[in-house]
Asker: 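Sharing a structure below in structure tokens format, with a few things to ask.
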Amino acid sequence: MTARQRLIAGNWKMYKTRAEALAFANELAAVVAVRHEQATWPQAAICAPFTALYGLAEAFAASGVSVGAQTMHQATQGAYTGEVAASMLSELDVTFVILGHSERRLYCAETDAAVAEKSVVALQAGLTPIVCVGETLADREEGRTQGVIAGQLDPVFTALGQSGIAAATLSRLVIAYEPIWAIGTGRSSTAADAQDVIGAIRTLTNKHFGREVAQAVRILYGGSVKPENIALYLGEPDIDGALVGGASLQVASFVELLEQSKGD
Ligand code: PGA
């Protein structure tokens with residue numbers, strides 16, 4: 001029996017205008033308004049494009065659904081055209097921020113070092129980072145998965161360790177294991193393979209921060225999660241929820257993901 005509250009986080013990527021986001025939010029808020037009070041109901045979050053964050057935070061205010069951004073800059077302010085700082089997100093009642101998603105690593109050259117710096121800044125700003133890690137298909141086929149994941153997390157853990165951030169704050173950290181070959185492909189990891197990697201991530205967390213933090217940190221699986229397969233992942237001891245792309249875009253499937261994630 002785990003004390004960690006499950007987290008189902010939708011990652012909308014570059015989908016939904018503000019109007020579309022608000023229509024989703026109003027429909028979802030009506031469904032979950034009562035149910036999130038139940039102790040077994042998972043925490044729900046929607047990580048949306050910047051343009052929808054303000055409206056979503058307002059629309060979700062009474063529903064218990066949290067709002068997340070999909071990236072942020074590590075500087076507090078400055079001449080970084082097109083970027084958004086942590087304080088600009090927390091001011092909007094944004095709770096989560098996805099960091100190091102594989103699409104950002106690939107298309108926006110987000111490095112492990114930048115993800116590490118951003119993780120520290122996000123926690124210090126009161127945000128909860130969802131730090132994404134994952135291997136390519138070639139990494140997996142050539143047996144490099146564990147090494148790649150450790151290589152991505154090591155700079156993050158080192159930076160957090162050196163930051164002086166208190167254990168209680170570090171415990172808020174969320175890590176998402178998303179094998180790149182499983183994202184948006186319909187080809188998901190087996191639950192056992194996901195548990196292998198996620199268990200190793202918890203062991204690594206333990207090594208850096210000790211047992212208390214390692215037992216509190218939530219670790220998600222992501223990559224073609226759907227209402228039909230989420231229960232398999234949640235049946236594993238170290239998997240605390242999911243980061244969901246495609247299946248988070250419709251209210252019905254997002255609600256079904258939440259339903260499937262209720263505790264006993
Ligand atoms: P997917 O995306 O659920 O559509 O595979 C997951 C993600 O990229 O976070």
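Along the sequence shown, residues carry numbers from 1. Side chains are part of it too, since the values below use all heavy atoms of this structure and drop only hydrogens, waters and symmetry mates. Numbering of ligands and ligand atoms starts at 1, following listing order.
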Asker: Going by the atom numbers of ligand 1, which of them fall below 4.0 Å from some non-hydrogen atom of Lys13?
Answerer: 2 (O), 7 (C), 8 (O)

Asker: Say whether, by atom type as modelled, one donor and one acceptor occur between the side chain of Tyr221 and the main chain of Ser189 under 3.5 angstrom.
Answerer: yes

Asker: At a non-hydrogen distance cut-off of under 4.0 Å, which region of Ala247 contacts ligand 1 (side chain, backbone, both, or neither)?
Answerer: neither

Asker: Just need the protein heavy atom nearest to atom 9 (O) of ligand 1, so name the residue and atom and give the distance.
Answerer: Glu178 OE2, 2.6 Å

Asker: Check the pair Arg172 / Thr128 against side-chain hydrogen bond (donor to acceptor under 3.5 Å, both in side chains), numbers first and verdict last.
Answerer: CA-CA 6 Å; Arg172 282 214 317 269; Thr128 294; 3.2 Å; yes

Asker: What atoms of ligand 1 come within less than 4.0 Å of a heavy atom belonging to Leu243?
Answerer: 9 (O)

Asker: Under 3.5 Å, is there a donor-acceptor pair between the side chain of Arg140 and the main chain of Trp181?
Answerer: no

Asker: Could you tell me which atoms of ligand 1, counted from 1 in the order shown, lie closer than 4.0 angstrom to a heavy atom of His101?
Answerer: 7 (C), 8 (O), 9 (O)

Asker: For the 3.5 Å polar cut-off, considering only N or O atoms, please tell me whether Ser224 and ligand 1 meet it.
Answerer: yes

Asker: Has Tyr54 got more than 12 heavy atoms of other residues, nucleotides or ligands less than 6.0 Å from its OH?
Answerer: no

Asker: Heavy-atom contacts with Gly223 under 4.0 Å: which atoms of ligand 1 show up? List them by number with element.
Answerer: 5 (O)

Asker: Could you tell me which atoms of ligand 1, counted from 1 in the order shown, lie closer than 4.0 angstrom to a heavy atom of Ala182?
Answerer: 5 (O)

Asker: Measure Asn11 to ligand 1 on non-hydrogen atoms and call it side chain, backbone, both or neither using the 4.0 Å cut-off.
Answerer: side chain

Asker: Quick one: which of Gly245, Gly184, Ser188 has a heavy atom closest to atom 5 (O) of ligand 1?
Answerer: Gly184

Asker: Does Leu89 belong to the same Ile/Leu/Val/Met/Phe/Trp/Tyr cluster as Leu56, with side-chain heavy atoms less than 4.5 Å apart forming each link?
Answerer: yes

Asker: Give a yes or no on whether a salt bridge exists between Lys226 and Glu256, defined as a side-chain N under 4.0 angstrom from a carboxylate O.
Answerer: no

Asker: Specify the protein heavy atom at minimum distance from atom 4 (O) of ligand 1: its residue, its atom name, and the distance to 0.1 Å.
Answerer: Gly246 N, 2.9 Å

Asker: Any donor-acceptor pair under 3.5 Å linking the side-chain atoms of Asn206 with those of Thr203?
Answerer: no

Asker: Can Arg144 and Glu135 be counted as an ion pair, charged N to O under 4.0 angstrom?
Answerer: no

